[in-house]
Protein chains: 2
Amino acid sequence: MADVAEKAGVSRALVSIIFRNQAGASRETRERVLRVADEIGYRPDSAARLLARGRSRTLGVMFTVQQTFHTDLITGIYPEAERLGYDVLLSGATHGRSEAKAVEALLSHRCEAVILLGPDAEPDYLAELGQRTVAVSISRRVPQAHVDFVHSAEGKGVRQAMDHLVELGHRRIVHIDGGRGPGSAERRRAYRAAMRRHGLQAQARVIPGEHTEESGVETGRLLLAERDSGRPLPTAVLAGNDRCAMGLLMSLTRAGVEVPRDLSVVGYDDSHLSHLMPLGLTTVRQDAFLMAEHAVRFAVERLENGELPPREAVLDPKLVVRGTSGPVPAEGRRVPS
Amino acid sequence: MADVAEKAGVSRALVSIIFRNQAGASRETRERVLRVADEIGYRPDSAARLLARGRSRTLGVMFTVQQTFHTDLITGIYPEAERLGYDVLLSGATHGRSEAKAVEALLSHRCEAVILLGPDAEPDYLAELGQRTVAVSISRRVPQAHVDFVHSAEGKGVRQAMDHLVELGHRRIVHIDGGRGPGSAERRRAYRAAMRRHGLQAQARVIPGEHTEESGVETGRLLLAERDSGRPLPTAVLAGNDRCAMGLLMSLTRAGVEVPRDLSVVGYDDSHLSHLMPLGLTTVRQDAFLMAEHAVRFAVERLENGELPPREAVLDPKLVVRGTSGPVPAEGRRVPS
DNA sequence: GCGCTCTACTAGCGCGCTCTAGTTCGAGTA
DNA sequence: TACTCGAACTAGAGCGCGCTAGTAGAGCGC
């Protein structure tokens, strides 16, 4: 910076002004300084900048490396953050790297706020985090804590999916849940409520699962094994999320079950996987882009407005009917083995 | 820091020593200072630390948000970097965010080196990047540039896959390539060479594709359409990568083509998707963990040893035979429509 | 008693920037 | 002419650390 200033014949302060795009420099000087900087290859050092101005204008994002829905969210976070003048740093949780570790990395890099994508850490830890810094959680509520919360109205989404299936004539509708996954509890509850509302409580069945393809594959195996020992397949499955639905589809299709002729499958998320199948996956769309926007805005507003009470954004999900859901199979129709 | 020093009755320098885990403080003082720091909630500010010591000990990783293989690589980068005492910052390229932008973000956050996962940017840009900083590229060679390179021996992998298929009796083996994707050119070349070596050059066919599920789905559609107009299906397909193989499988399976009875499919990468299918995807394993380790080591060695010539690590891929490859269908067998 | 070494600690500069409180200068105003 | 004012620019403190060069004091041998 000093070099640039000297070579351009101005003070360091002016160089600083120019690089911060602030008023107070004439057009010619501005151009000259920028040209010199370019020649020298000078780029402002963000560490020093950050130290000097006391603010980093950086948002940290903690995500789980393999979750496709998270990558959809990230895609939405970048542009909104940029629009508001913030940088984004990513830190991934993996098998060997806990969420807490990922978050600490963000904080020690001076992120002013952290956005947690479907966090799975201890509520106590999250609550403490909310005290320590500005935190926004997507998909998982952190009760009683100073953490903003963005999610979609799981209940509404599930209800739409269930109404759709029932309308198609389905009665034996099974739900694979998402275990401790974000949103799972609400989805499970909404599934049960929907079955009750349609007078199907006797047939309600929740199969424990996870938000992974593996879980879908396993459930497929389970259902097939049950069929082979006499218990009929359900006619429709509401999966915990798209990944689970995909696993299930792979597993059933391979075994000769035709979707949606023999069985309907509905996912959740509308992650980019959903478009994949030739028929497309019927799924409940969570608008990742919109959720990302809200999360970024919550973080920034809290940073810039100081004390605000914890807030919550609830987005309406929307059923997207594609090819994996269809009318219930005719009674007594033989399912190919 | 000053607060901690005062409250513990020592100098700031000593607090610094203690937090850097350096020798030169007595056990009691150390404990007292740490206790005080904990009470106050002091954590060293990495911006200032970084500014003061001139080194950030941080590696930047540029990746493409939706690439599953990249997430496998990231999973391997974290532990190795930690082992060597480096922090890791992630920056994703998305549709709206170019690789260059992602890299700039890393550099302005003072990453000392960047690891590029399958970069797709202009060679000129990458070469310039190699001049400007320490850069390691995984999967894509940057010719003539000061960029280290980690990849697997694509040729060997493809050869193993082809030998496997030929041994199973396959002759009509088609390759879906990966377009400009990393490694694609080598794989394409190796496919052609293998066909030639087995005397099958007349039957060689490369279908242009990409490293995405969509591309696999599309190719499936293409092959089915061809079949319907009289051209027989190939008996085996070597896909550009696992994602492409998955798309292909979805598309074909849905149309009643049974894998591997009617058609064998081999992927490339052995990304975590490969285990998904009930039968498992036969694929060429690129050891993501090992590749990640090498990349991190390259970066760190270059940082700590100063001038080194550009280096290259070639890892041996390994064919993993799972369920999607099998003997060639009996001649004249009717493929179910 | 002296010098020596070793451990435990400290003073204070400098990292590269931002920001406040200026200064300078030319044009406009009474 | 004397002034005000705004645009263009500058000096220099300070952000929170790390690090070098140093000091104080205890222990030791002679």
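Note that these values count all heavy atoms, side chains included, but never hydrogens, waters or copies made by symmetry. Residue numbering restarts at 1 for every chain, and letters A, B, ... go by the order of the sequence lines.
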Whole-Å gap separating [atom2] ([N]) and [atom1] ([X]):
X	N	atom1	atom2	answer
Leu50(A)	dC15(C)	CG	C1'	14 Å
Arg43(B)	dG16(D)	CZ	P	14 Å
Arg32(B)	dA8(C)	CZ	P	13 Å
Ile18(B)	dG18(D)	CD1	P	12 Å
Glu28(A)	dA7(D)	CD	C1'	13 Å
Leu51(A)	dT18(C)	CG	C1'	10 Å
Arg49(A)	dC17(D)	CZ	C1'	20 Å

As a test of reading the structure: which of [options] is closest to the side chain of [X], going by heavy atoms?
X	options	result
Ala13(A)	dA11(D), dC17(D), dC9(C)	dA11(D)
Ser11(B)	dA11(C), dC9(D), dG12(D)	dA11(C)
Ile17(A)	dT10(D), dG16(C), dT10(C)	dT10(D)
Val10(A)	dG14(C), dG16(C), dT10(D)	dT10(D)
Arg12(B)	dC17(C), dC13(C), dG16(C)	dC13(C)
Arg53(B)	dC19(D), dG16(D), dT10(D)	dC19(D)
Asp45(B)	dG16(D), dG16(C), dC13(C)	dG16(D)
Thr29(B)	dG18(D), dT18(C), dC9(C)	dC9(C)
Leu14(B)	dC9(C), dG16(C), dT10(D)	dC9(C)

Using a cut-off of less than 4.0 Å, is there contact between a side-chain N or O of [X] and OP1 or OP2 of [N]?
X	N	result
Ser26(A)	dC9(D)	yes
Arg20(A)	dC19(C)	yes
Ser16(A)	dC17(C)	no

Residue Glu122(B) excluded, over 12 heavy atoms near CD under 6.0 Å: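 No, not enclosed.
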Glu82(B), CD atom: more than 12 neighbouring heavy atoms under 6.0 Å: no
Side-chain donor/acceptor of Glu293(B) to backbone N/O of Glu80(B), under 3.5 Å: no
Donor-acceptor pair, side chain of Ser271(B) and main chain of Asp269(B), under 3.5 angstrom: no
Salt bridge (charged side-chain N to carboxylate O under 4.0 Å, His left out), paired with Glu112(A), selected from Arg132(A), Arg53(A), Arg302(A), Arg55(A):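 Passing option: Arg55(A).
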Spacing of Ile115(A) atom CD1 and Leu90(A) atom CG [to the nearest 0.5 Å]: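 Reported value, rounded in 0.5 Å steps: 10.0 Å.
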Residue met sooner reading DNA chain D from 5', once Gly9(A) and Ala2(B) are mapped to nucleotides: Gly9(A)
Paired nucleotide for dA30(C) [Watson-Crick or G-U wobble; both distances under 3.5 Å]: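 Here dA30(C) is engaged in a pair, and the nucleotide opposite it is dT1(D).
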